[in-house]
Amino acid sequence: MADRNSAGYHAGKEAAGKSAADLVEDGMIVGLGTGSTTAYTIKEIGKRVKEGLDILAVVTSYQSEMLAIEAGIPLTSLAEHSLLDIAIDGADQVNFDLDAIKGGGAAHTREKIVALSAKRFIIVADDSKYVKELEMPVPIEVLPCACKLVQKQIADLGGNAVIRAASKKDGPVITDNGNFILDADFGKIKNPEELSSDLSKCVGLVEHGIFTNVDEVYIGDLDGNIKVLKK
Ligand code: 5RP
């Protein structure tokens, strides 16, 4: 497994991100995820568009929108195309059942909307993300005025949620939707489906980062090898 700061970490991201770009075919409507791994996917799809690939894409954040525009990928919206052929996105952790935690980049609300609008949802990640059990804090987008209430509801579910700050001296991270992010630590998550459903019932919570609808995962390693895992 590659260290997060090592070249291998980035080699794994690059290999996974680029390989999933091959899944995109002429005529598809494609969801483009957010983060450093999908940045490789977006650039690779952009190259193929320049060579004649005919697609439209829906972005999941201002970050992926800027990258897609730079790469020359024509964009559309869910208002115009509500059913996507494929969505490709990164993840912060993926377990052996292919449940994922996302939202390290605070974009998981739009990422989940795009993922659930797609016929096929693909995760791209380096091998440091692939774990037996999900255990990292779950990113949770909240309405700013509901922060304290959501923290209390999370405590009732056995978690400990802290407001994500850009740095020690800065204020809270603000999402593309104008909301705050809580990172909610539940320790090892034994039943992601159940926690997902419990979190969805919290009042004031916009969306949480547990994804249980992943179809395939492309894992890249230090040497650029790809492992494809399917549900
Ligand atoms: C953004 C996400 C990202 O996909 C996730 O954080 C992985 O990012 P990276 O590819 O940079 O490691 O969920 O909200």
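Starting from 1, each residue takes its place in the sequence as its number. Atoms within a ligand are numbered from 1 in the order they appear, just like the ligands themselves.
Between Lys18 and Glu14, at least one side-chain N (NZ, or NE/NH1/NH2) sits under 4.0 Å from a carboxylate O, which counts as a salt bridge. Electrostatic pairing of Glu51 and Arg48 does not count as a salt bridge here, judged by no charged N lying under 4.0 Å from a carboxylate O. Using a 4.0 Å cut-off between charged nitrogen and carboxylate oxygen, Lys102 and Asp92 do not count as a salt-bridge pair.
Remark: Lys231 NZ is packed, more than 12 non-hydrogen atoms of other residues, nucleotides or ligands lying under 6.0 Å away. Shown here is Glu193, whose CD atom has no more than 12 heavy atoms of other residues, nucleotides or ligands within 6.0 Å.
Each of the following atoms of ligand 1 lies closer than 4.0 Å to a heavy atom of Gly103: 2 (C), 13 (O), 14 (O). Within ligand 1, the atoms closer than 4.0 Å to a non-hydrogen atom of Lys102 are 2 (C), 3 (C), 4 (O), 13 (O), numbered from 1 in the order shown. Each of the atoms 4 (O) of ligand 1 lies under 4.0 Å from some heavy atom of Gly90. Counting atoms of ligand 1 from 1 in the listed order, those under 4.0 Å from a heavy atom of Gly104 are 6 (O), 13 (O), 14 (O). Taking a cut-off of under 4.0 Å to the non-hydrogen atoms of Asp92, the atoms of ligand 1 that pass are 5 (C), 6 (O), 7 (C), 13 (O). Less than 4.0 angstrom separates some heavy atom of Glu111 from each of these atoms of ligand 1: 1 (C), 2 (C), 4 (O), 13 (O), 14 (O). Annotation for ligand 1: atoms under 4.0 Å from non-hydrogen atoms of Lys13 are 9 (P), 10 (O), 11 (O), 12 (O).
Of the heavy atoms in Asp89, only side-chain atoms (C-beta onward) come closer than 4.0 Å to ligand 1. In Ala125, neither the side chain nor the backbone holds a heavy atom less than 4.0 Å from any atom of ligand 1.
Using a 4.0 Å cutoff on heavy atoms, Ala106 counts as a contact of ligand 1.
The option with the heavy atom closest to atom 11 (O) of ligand 1, from among Gly105, Ser36, Ala91, Ala39, is Ser36.
Screening residues 112-124 for salt bridge (Lys or Arg N to Asp or Glu O under 4.0 Å), with sequence neighbours left out, gives Asp85-Lys119, Lys112-Glu207, Arg120-Glu216.
Side-chain N/O atoms of Ser77 and Glu80 include a donor and acceptor closer than 3.5 Å.
Residues Ile101 and Pro137 come closest through the heavy atom pair CG2-O, 4.2 Å.
Residue Lys129 has at least one nitrogen or oxygen atom sitting less than 3.5 Å from a nitrogen or oxygen atom of ligand 1, judged on distance alone.
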